[in-house]
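A note on names: the letters A, B, ... follow the listed sequences, proteins ahead of strands, and every chain is numbered from 1. A quick note: this is a predicted structure, and the numbers were derived from the prediction, not measured.
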Amino acid sequence: MATVEKGRARRRKRPAQGRGARAPSPVCITINGRQHTFLPGRDIAPNMTLAYLLREGVGLTGLKVSCDEGACGACTVLMDGRAVLSCMILAVEAGGHEVTTIEGLPADDPVIEAFAGQCGPGYGTALQCGYCTPGFVMSSVALLGENPSPTLEEVKEALSGNICRCGCYAGIAQAVLHASEKIAARGGAR
Amino acid sequence: MPSEHRHIGRETPRPDAADKAAGRAVYIHDMARPGMLCGKIKFCGQAHAKIKRIDTTRAERLPGVKAVLTGYNTPEVRIGFLRDNFAIKKGKVRAHRDEIAAVAAIDPDIAAEAVELIDVEYEPLTAVFDPVEALKDGAPLVHETDPRGRPVRSNLLPLTYRHESGDIAAGRHASKHIVEGEFSTQRVQQCCMGTAGCIAEFDMNHNLTIWAKTQIPFLAQRDFNQALEAMGLTGKNSRVIVPAMGGGFGTGLDTHAYEYIAILLAHFTGRPVKIVYTRDEEFANLSPRQSSGVRIEQGCDENGRLTFRHVEALLDNGAYASWGATYPSVMMLPATSLYRVQNVFFDAKLAYTNNTYCQAMRGYGNPEITWAIESNLDELAERAGIDPFDLRMRNCNEPGETTPMGLKVSTCGLKECLEQTAKMLDWKSKRGRGQRAFRGVGMASLFHVGGSGRIYRSDASGIILKLDDFGNANVYYGGVEMGQGLHSVLTLAVAESLGVLPDRVFINQTDTGTCPWDVGTHASRGAFMACNAAIRASAKARGRIFELAKTIFPAEVAKNPAGRSPMRPGSAARQDQTPPTNETPAKPARDAAEGRVGERPFDVAAAAATGLFDIRDGFVFLKDAPDEPWLKLDLGRLLRAAHFRSGGEMLTVEEFYDPPNELPDWEKGKGNMSATYAYGTQGAEVEVDTETGEVRIIRMVAVHDVGKVLNPQTLKGQMYGALSQGIGFALCENIESENGRILNPNFRDYKVPTAVEMDIPIELAFVETDDKFGPFGSKGVGEPGLVPTAPAIANAIYDAIGVRIRDLPMTPEKVLAALKNKS
């Protein structure tokens with residue numbers, strides 16, 4: 001998990017515009033492979049979170065905001081391939097980076113498939129209410145990107161920042177292991 | 001009903017799994033309506049105070065603010081189970097979370113800023129936070145009058161839950177051993193990952209549509225219609241629609257002030273208004289599970305047979321009554337009926353305090369009372385010198401018994417659950433203090449409603465099956481999918497009982513405008529009710545299909561293509577895609593009259609006239625000739641033939657299922673509340689660190705009488721989830737408050753189990769008792785996994801280190817303090 005900033009990023013949308021303020025430079029973020037340009041003051045405020053921008057500004061509602069303070073993992077997205085908590089990153093900080101949300105994963109992504117199809121004796125499903133699921137999926141994608149064949153211990157460790165109140169941890173861990181097997185079967189490519 | 005089920009009991013993926021895994025399920029948080037405003041509530045932050053003055057002028061002047069409402073410029077909208085609460089408070093406030101004003105603005109930031117700009121002046125009143133203190137003479141009154149305006153004298157809620165059977169004095173007299181104890185439980189937050197929220201919108205005729213996170217859409221419709229009445233919108237209607245829910249766990253059993261506030265704001269502004277709680281707001285302003293104090297006394301004779309059970313409970317209700325004030329109705333069930341005991345006294349009281357008011361959470365009073373009964377039972381076993389497992393076996397419930405409360409036990413797998421738990425825990429070799437260093441095993445059982453629970457005049461659930469031209473079964477059901485897997489088992493039940501494949505079953509969104517009435521998704525009743533309703537509706541549909549088939553079947557099978565099975569290899573689901581008007585098979589297979597089944601000549605028309613058909617995997621066939629490919633007719637084709645003809649018809653059936661149970665008389669404590677009852681036993685093996693007081697669960701075992709497994713996937717999900725919440729309840733979760741203010745309203749300070757804490761092997765086993773009232777034999781399973789978790793762990797801790805924790809959660813501090821007291 002990427003380091004997160006202390007303190008709370010408020011998502012104020014209307015920045016104070018003082019007289020003679022210098023025209024701010026646009027913020028360019030590559031989101032799911034497409035470049036987006038946001039104008040500070042018009043599209044984003046200095047203290048708007050990346051989560052807010054993605055959900056409310058771009059319409060990518062797959063990521064969820066559940067705690068809005070970096071304590072539950074529901075808003076996890078990838079920034080340059082690493083899992084980050086989008087509620088703890090300011091939108092302006094994402095400028096110049098590549099952001100991937102769950103909408104940016106292919107339909108046959110092995111992690112999505114593994115979470116959807118998780119079954120088999122002993123573990124139950126990988127999801128119930130599904131609200132935390134996109135966050136778990138993105139954390140798992142990041143883990144498997146770095147470590148394509150993790151052990152069960154490594155999976156649990158990597159997902160320790162995500163909360164599932166429905167208590168599907170056993171099924172989730174199995175889904176990640178199954179995704180790892182799928183990736184190996186596809187020759188290592190996700 | 002075929003003995004071998006085609007779908008029931010098999011591992012089947014949930015119908016919503018793919019969308020949820022891809023982040024495509026749409027929750028209230030993801031929804032927007034054209035012109036929608038953002039609503040925000042101002043909470044008072046006072047435990048108990050008079051409102052002297054509210055000034056909203058600064059908020060109203062803020063650009064982008066469309067409405068600022070207070071109790072003084074809105075109609076009085078009374079809410080709550082006892083109608084002792086108001087959408088927006090005026091006069092006085094009774095808890096920190098009380099809503100005193102609300103704004104609607106064009107975006108969340110302006111709304112938040114406007115709320116800050118509302119000035120309120122209070123005159124503090126003496127408050128009371130302890131339920132025992134609250135019931136003493138001279139305690140400050142939380143409510144000075146009842147909802148009718150009559151003065152009240154105490155903080156006691158006007159609800160009586162009392163049961164008395166047998167003769168307690170005689171039971172005491174017959175006892176060789178008696179133990180007593182006081183056990184308490186804490187306030188726990190449901191912590192739905194998707195916070196509370198709604199969107200309210202009026203049409204031009206002043207009818208309301210509200211997208212709500214509710215478990216009771218139809219009771220909510222009634223509540224909201226009453227609110228419309230109070231707002232002067234006489235005769236207007238509310239339509240309640242339930243989007244995907246990010247967990248329920250009991251939070252949706254009441255309508256909430258925020259929903260009424262959204263309605264008021266939407267009506268005032270004429271625009272849709274959305275209110276969604278932040279996590280802080282959810283923790284501070286959404287009702288948690290009640291805290292309880294239970295005093296229990298139990299006795300047994302020299303053979304270990306229970307002689308009596310005496311229970312007195314006091315619950316801290318908080319400032320207003322929700323449905324959670326009926327916790328004691330469920331507490332009474334195990335108090336009178338978990339294990340066989342003839343002499344029982346049960347009395348529960350609830351006190352108003354200036355704490356946050358409480359509401360339902362999974363288990364609904366049962367975890368609270370079972371914590372006391374099962375902890376105390378281990379104490380009794382020790383006093384009597386009997387192994388706790390043996391003591392439980394000697395007092396085990398049995399099928400066919402009627403308990404002191406009048407609960408009729410149709411099936412009971414408790415004995416098997418106890419035995420299986422002991423076996424899986426390796427009880428005989430592991431139980432007994434001092435055998436291994438600071439390690440111990442413990443067990444506890446549960447008794448719960450398993451066949452719905454009548455807490456309302458109607459305990460029914462309606463269902464509509466609308467069959468279409470393509471052989472699909474479109475289902476309209478009023479129960480709520482909140483993550484538990486209701487739609488999964490409902491899909492399987494329709495597929496199984498109708499005879500179609502699960503991918504031809506489509507469950508529609510729960511909507512009071514389209515679905516028939518349902519009392520609510522609570523009491524572990526979802527699967528029991530939905531599947532029972534589905535089975536009955538399917539039987540009606542089949543009857544009508546077979547009636548249609550008498551005439552349609554012979555003509556249609558005659559069109560089956562020659563030499564080819566109508567079933568395509570590998571896809572039995574949708575073999576016939578041709579539009580209904582273009583049905584021109586090249587050549588009739590053979591003249592029906594010339595057909596043969598095996599070697600015998602077969603008269604299809606004569607066989608069809610008997611009406612003896614069956615349906616399997618979406619194909620209608622004659623019972624007399626089940627295996628002939630040329631005598632199979634796709635259900636869609638049959639329905640199209642019935643539809644597209646002169647005087648045609650389409651097939652829609654409905655069923656309104658009301659289970660065979662009774663609304664108990666709570667003052668007498670009698671009545672068969674549920675059609676059947678669920679049992680289970682859970683075991684824990686723990687290791688206690690005597691330096692830090694930390695309890696490490698080595699493994700958990702859970703064996704439940706589920707009647708019949710419907711879908712192993714969703715069943716395990718419910719069990720793991722309930723156990724996870726049970727472990728949180730047992731060890732770490734606690735809403736801490738000081739003078740009514742909640743101190744830990746976030747996930748950093750309120751500890752919910754994560755993958756690390758849940759790194760525990762949990763072994764599940766299921767006892768199938770095949771209950772006659774249960775759909776396919778099944779019983780409710782949603783809540784039981786939570787219920788006995790805490791006492792099983794407490795009993796294991798006692799086995800490990802010889803200290804008994806009586807107050808939840810069992811934190812390291814409490815374990816250390818208990819160890820210190822012991823030495």
Side-chain angles (χ1 to χ4, degrees), chain A residues 10-14 45 55 61-69 71-72 74 101-103 105 107 109 111-134 137 153 155-157 159-173 175, chain B residues 11-14 16-27 29-31 64 107-110 190-195 244-249 278-280 482-485 712-725 746-748 752-756 758-759 762-764:
Chain A
R10 285 202 60 217
R11 38 177 191 222
R12 198 175 159 75
K13 281 169 82 181
R14 299 167 308 115
R55 282 181 56 84
T61 53
L63 72 96
K64 304 298 176 209
V65 175
S66 182
C67 73
D68 210 11
E69 58 179 9
C72 78
T101 69
I102 195 162
E103 290 90 346
L105 301 183
D109 185 277
V111 180
I112 290 182
E113 283 186 350
F115 270 71
Q118 166 56 28
C119 64
Y123 301 100
T125 53
L127 58 85
Q128 290 190 67
C129 85
Y131 202 81
C132 69
T133 311
V137 166
E153 291 313 307
V155 170
K156 287 177 180 169
E157 181 56 34
L159 300 179
S160 62
N162 294 65
I163 294 175
C164 171
R165 186 52 160 171
C166 300
C168 301
Y169 298 113
I172 290 167
Chain B
E11 293 260 1
T12 314
R14 302 166 58 107
D16 56 0
D19 274 352
K20 284 180 173 174
R24 296 185 60 165
V26 180
Y27 302 84
H29 317 76
D30 308 325
M31 292 178 61
D107 78 33
D109 281 316
I110 296 173
Q190 298 82 354
C191 295
C192 300
M193 295 310 289
T195 53
M245 268 171 77
F249 313 125
T278 64
R279 181 60 55 188
D280 308 15
M482 48 197 166
Q484 82 277 41
Q713 279 203 9
T714 48
L715 172 58
K716 281 180 277 188
Q718 284 292 282
M719 285 297 167
Y720 284 125
L723 272 145
S724 163
Q725 292 178 353
N746 57 66
F747 284 138
R748 279 172 287 114
V752 168
T754 69
V756 176
M758 288 307 294
D759 189 10
I762 298 176
E763 295 156 50
L764 303 178

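- Heavy atoms of A/Cys168 lying under 4.5 Å from chain B are absent altogether.
- Between the A/Lys64 side chain and the B/Gly194 main chain, no donor and acceptor come within less than 3.5 Å of each other.
- Residues A/Asp68 and B/Arg279 have side chains not in contact (no heavy-atom distance under 4.5 Å, counting atoms from C-beta outward).
- A donor atom on one side chain and an acceptor atom on the other are found under 3.5 Å apart for A/Gln128 and B/Gln718.
- Contact check for B/Gln725 versus B/Phe249: side-chain heavy atoms found under the 4.5 Å cut-off.
- Interface remark: of the candidates B/Ala22, B/Gly247, B/Cys192, B/Gly64, B/Ala22 forms the most heavy-atom pairs closer than 4.5 Å to chain A.
- Contacts of B/Glu11 with chain A are made by side-chain atoms alone, with heavy-atom separations under 4.5 Å and no backbone atom involved.
- Using a 4.5 Å cut-off between heavy atoms, A/Gln118 contacts chain B through its backbone alone, with no side-chain atom that close.
- With hydrogens and angles ignored, the 3.5 Å screen pairs a side-chain donor or acceptor of A/Ser66 with a backbone N or O of B/Met193.
- Per-residue counts of heavy-atom pairs under 4.5 Å with chain A were compared for B/Ile762, B/Val756, B/Val752, B/Asp30; the largest is that of B/Asp30.
- Among B/Thr12, B/Leu764, B/Asn746, the residue making the largest number of heavy-atom pairs under 4.5 Å with chain A is B/Asn746.
- Between the side chain of B/His29 and the backbone N or O of B/Thr195 there is at least one donor-acceptor pair closer than 3.5 Å.
- A donor-acceptor pair is defined here as one N or O able to donate and one able to accept, closer than 3.5 Å; no such pair exists between the side chain of B/Gln190 and the backbone of B/Gly248.
- Taking A/Cys132, A/Ala114, A/Cys166 one by one and counting their heavy-atom pairs under 4.5 Å with chain B, the maximum is reached by A/Cys166.
- Proximity of a side-chain donor or acceptor of A/Tyr131 to a complementary backbone N or O of B/Met245 within less than 3.5 Å is not detected.
- Heavy atoms closer than 4.5 Å to chain B are found in the side chain of A/Tyr169, but not in its backbone.
- Contacts of B/Tyr27 with chain A are made by side-chain atoms alone, with heavy-atom separations under 4.5 Å and no backbone atom involved.
- Interface summary for chain B: among A/Val155, A/Thr133, A/Leu127, the most heavy-atom pairs under 4.5 angstrom belong to A/Leu127.
- Using a 4.5 Å cut-off between heavy atoms, B/Arg14 touches chain A through its side chain atoms alone.
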